[in-house]
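The next block holds one structure in the form of structure tokens; read it before the comments.
Count residues from 1 along the sequence.
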Amino acid sequence: MDAKKVVGAFVGMVLRVAIAIFVLYYLYQTAINAYNFGYRIFADLPCAIAPGRDIQITVTESMDEKAMAKEFEKVGLVEDWKLFWVQTLLSEYKEDLKPGSYTLNNSMNSEELLAALAGVGEEDEDGETSDSDTEETNPANETIMNNADEEVVPEYEGDQEGDTEAGENTVQENE
């Protein structure tokens, strides 16, 4: 009887350790997947490298964010519809999405896709863009661009005395 109790206790302990390892592994994998998903939400990586390819898509008025995200994955604009759906829900353009036919590129990130669907950057009746975040001309950038043809010689900021001595020694040895 003692042998049966010992074997039973040993088997029970092995089963409990195996279950504990399985649970810890499952929690670890779940945490890694949750972190990766959260990272990808805010990293906002495009589906393809530029220049990508243009894709024609129609967004209907009956489409909600989830259906739109599934359609975008189906045509190849996004890699994961769940990720794009969450990005849409968190986007500032969520309320401004407009139905219509669009030509989008699969090298656009989700923010650019949603901005295009919201009509940001389109011209209005006056010919002005409706995007309030348009880039203004920066005089510093113009200076950089105008001076781009000039040769830039970097200055050496090392210890000049030590360098001079080393240079003189090299010259003397060569003579």
Can you name the closest pair of heavy atoms from [X] and [Y] and give their distance?
| X | Y | value |
| --- | --- | --- |
| L97 | L114 | CD2-O, 3.8 Å |
| P51 | S107 | O-OG, 3.4 Å |
| A116 | L104 | CB-CD2, 3.7 Å |

(message) Using modelled atom types and a 3.5 Å cut-off, is there a donor and acceptor pairing between side-chain atoms of D44 and backbone atoms of S110?
(response)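 Checking the backbone N and O of S110 against the side chain of D44, a donor-acceptor pair under 3.5 Å is found.
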Spacing of [atom1] belonging to [X] relative to [atom2] belonging to [Y], to within rounding of 0.5 Å:
| X | Y | atom1 | atom2 | value |
| --- | --- | --- | --- | --- |
| D54 | T103 | CG | OG1 | 6.5 Å |
| E92 | E111 | CD | CD | 5.5 Å |
| Q87 | L83 | CD | CG | 4.0 Å |
| T60 | E71 | OG1 | CD | 9.0 Å |
| N105 | M108 | CG | CE | 7.0 Å |
| D64 | T88 | CG | OG1 | 10.5 Å |

(request) Determine, step by step, whether I55 and R53 satisfy the side-chain contact (heavy atoms from CB on, under 4.5 Å) criterion, reporting the C-alpha distance in whole Å, the side-chain angles of both residues, the deciding distance to 0.1 Å, and the verdict. (result) CA-CA 6 Å; I55 298 172; R53 62 182 169 92; 3.5 Å; yes
(message) If you count heavy atoms of other groups shown closer than 6.0 angstrom to CD1 of I49, is the number above 12?
(response) no
(message) Are more than 12 heavy atoms, taken from residues, nucleotides or ligands other than Q29, located less than 6.0 Å from that residue's CD atom?
(response) yes
(request) For side-chain contact (heavy atoms from CB on, under 4.5 Å), just list the numbers for Y102 and L113, CA-CA rounded to whole Å, side-chain angles, deciding distance to a tenth of an Å, and then say yes or no. (result) CA-CA 10 Å; Y102 297 94; L113 290 171; over 6 Å; no
Quick check on the hydrophobic clustering: are [X] and [Y] connected, directly or via other members, by side-chain heavy-atom contacts under 4.5 Å?
| X | Y | value |
| --- | --- | --- |
| Y93 | V59 | yes |
| V75 | L117 | yes |
| F22 | M13 | no |
| L77 | W85 | no |
| V86 | F42 | yes |

(message) Is the ring pair Y39/Y35 parallel, tilted or perpendicular, if the boundaries are 30 and 60 degrees?
(response)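 The arrangement is parallel - the two ring planes meet at less than 30°.
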(message) Evaluate F84 against E79 for side-chain contact (heavy atoms from CB on, under 4.5 Å), listing each step before the verdict.
(response) CA-CA 8 Å; F84 185 70; E79 289 182 2; over 6 Å; no
